[in-house]
J.: 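I'd like to ask some things about the structure below.
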2 protein chains.
Amino acid sequence: MRHTLEETRSAFIEKIGLKAQADGLPRIAGRVLGLLIWDGTAVSFASLADQLMVSRGSISSATRILLERRLIKRIAKAGERQDFFQLSDAPYVSMMEATKISLDNAKDEIDATLNDIPDAQTEIKARVAAYADFYGKMSKAVDGILTDMRS
Amino acid sequence: MRHTLEETRSAFIEKIGLKAQADGLPRIAGRVLGLLIWDGTAVSFASLADQLMVSRGSISSATRILLERRLIKRIAKAGERQDFFQLSDAPYVSMMEATKISLDNAKDEIDATLNDIPDAQTEIKARVAAYADFYGKMSKAVDGILTDMRS
DNA sequence: CATATCGTTCAATACATACTGAACAAACCA
DNA sequence: TGGTTTGTTCAGTATGTATTGAACGATATG
């Protein structure tokens, strides 16, 4: 084997961090997600800050974002004062749902513009409508996947 | 009508600017794209800088990015020294292609990690594979739309 | 009760990068 | 040929936001 498992784990965590950044999320949020995908188990708040070598404030912020998106869940352990976090049960469904909401919002905004264009402006309207349709098609496709995953 | 056509146009251009920003593109690139979607005609380099009230350097950079993504085309006009730019013929196909390429890249990176995980690590491997599958499904869906659009 | 530990908040900082504008080369013009 | 106009480049600046770390309230512990 070229790399140790530990090296592969670190590389994976960093990859997800970069991907999160590309998606407009804080990099640390992506690294937390990557760590929890890899480990699968419940990891303590302090352990996250320790392993990722970032401040507790960053962990607080990152976990809040991931919780909002339903990508992770907060867990209480008996006899433990710390919070624990674990990958949620259906993280990829949640990702798709977030993607769909984002696409729908984009379409809604363009549709709003469309409503402001007088019918006489047929060509402008056609071009803007084609743009809205782009998001509509994407949203529909994502919705199809979601339906499949749930069945 | 609540807004003049000109106001609707400006609002649309700004919307696309913000959307570009959310997609990791420079805001000005989005505004150029929005303007060209709206107008449909060939617009000169100087006119873009003038209308959007930005530097020529920014127009140079924005148009380069949009040209690379095949969202717009550069046009030469007889007797005109300036460059002109116009919305490309199939801009939304190009958008989908860019989306697909991005999804495929993400999947490839995760697959690379997957190959580094020993088979004995069944659970880790399953979680990472599920993540790769997320991108695989999305890519396949986008590809389906592309096939439809081309037929 | 006093002390310790926990997660959150927020002002200050670090950081990445979009944008500007001057310098430049190339192409055109007089 | 000298002077304009054109688009590009790139060093410097501006801008947005991620991250830190100290202060804080809440809660457990002894």
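No hydrogens, no waters, no symmetry mates; every other heavy atom, side chains included, goes into these values. Chain naming here is simple, since letters A, B, ... match the order of the sequence lines and numbering starts at 1 in each.
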J.: Can you check whether A:Ser60 has a side-chain N or O nearer than 4.0 Å to OP1 or OP2 of C:dT8?
T.: yes
J.: Expressed as a whole number of angstroms, how long is the span from A:Ile59:CD1 to C:dC10:P?
T.: 19 Å
J.: Where the side chain of A:Thr63 is defined as all heavy atoms beyond and including C-beta, which of C:dT8, D:dG21, D:dG7 is the nearest nucleotide?
T.: C:dT8
J.: Expressed in angstrom and rounded to an integer, what is the separation of A:Met53 atom CE from D:dG21 atom P?
T.: 13 Å
J.: Whole-Å distance between D:dT6 P and B:Leu48 CG?
T.: 13 Å
J.: B:Phe85 and side-chain contact (heavy atoms from CB on, under 4.5 Å): which partner among B:Leu33, B:Leu67, B:Ile75?
T.: B:Leu67
J.: Kindly point out which of C:dT9, C:dG7, C:dT20 is positioned nearest to the side chain of A:Arg64?
T.: C:dT9
J.: Applying ring-ring contact (aromatic ring centres under 6.0 Å, His included), which residue pairs with at least one partner in residues 113-134 of chain B are found, sequence neighbours left out?
T.: A:Tyr92-B:Tyr131, B:Tyr131-B:Tyr135
J.: Decide, yes or no, whether a salt bridge links A:Lys77 with A:Asp83 under the criterion of side-chain N to carboxylate O below 4.0 Å.
T.: no
J.: Roughly how many Å is it from CG in B:Asp83 to C1' in D:dT5, rounded to a whole number?
T.: 12 Å
J.: Figure out the CD1/P separation between A:Ile72 and C:dG7, and round it to whole Å.
T.: 13 Å
J.: Give the B/S/- string for nucleotides 23-30 of chain C, one per nucleotide from 5' to 3', where a protein heavy atom under 4.0 Å of the base yields B, of only the sugar-phosphate yields S, and otherwise -.
T.: B---BB--
J.: Would you please name every residue forming a side-chain hydrogen bond (donor to acceptor under 3.5 Å, both in side chains) with B:Glu97, sequence neighbours left out?
T.: B:Arg150
J.: Does anything in residues 11-34 of chain A reach DNA chain C, meaning a heavy atom under 4.0 Å, and if so which residues?
T.: none
J.: How about CD on B:Glu123, more than 12 heavy atoms from neighbouring residues, nucleotides or ligands closer than 6.0 Å, or not?
T.: no
J.: Which residue pairs pass the ring-ring contact (aromatic ring centres under 6.0 Å, His included) test with at least one member in residues 8-59 of chain A, sequence neighbours excluded?
T.: A:Phe12-A:Trp38
J.: In the hydrophobic cluster built from side-chain contacts under 4.5 Å, what are the other members alongside B:Ile65?
T.: B:Leu25
J.: I want to confirm an ordering. Mapping A:Phe84 and B:Ser55 to their closest nucleotides on DNA chain C, which one lands closer to the 5' end?
T.: A:Phe84
J.: Would you tell me whether A:Thr99 and A:Ser102 have side-chain atoms, one donor and one acceptor, within less than 3.5 Å of each other?
T.: no
J.: Decide, yes or no, whether a salt bridge links A:Arg9 with A:Asp39 under the criterion of side-chain N to carboxylate O below 4.0 Å.
T.: yes
J.: Could you tell me how far apart B:Leu66 (CG) and C:dA18 (C1') are, to the nearest whole angstrom?
T.: 15 Å
J.: Quickly work out the A:Phe45 CZ to D:dT27 P distance and round it to whole Å.
T.: 17 Å
J.: Round to the nearest Å and state the distance from A:Glu80 atom CD to C:dG7 atom P.
T.: 10 Å
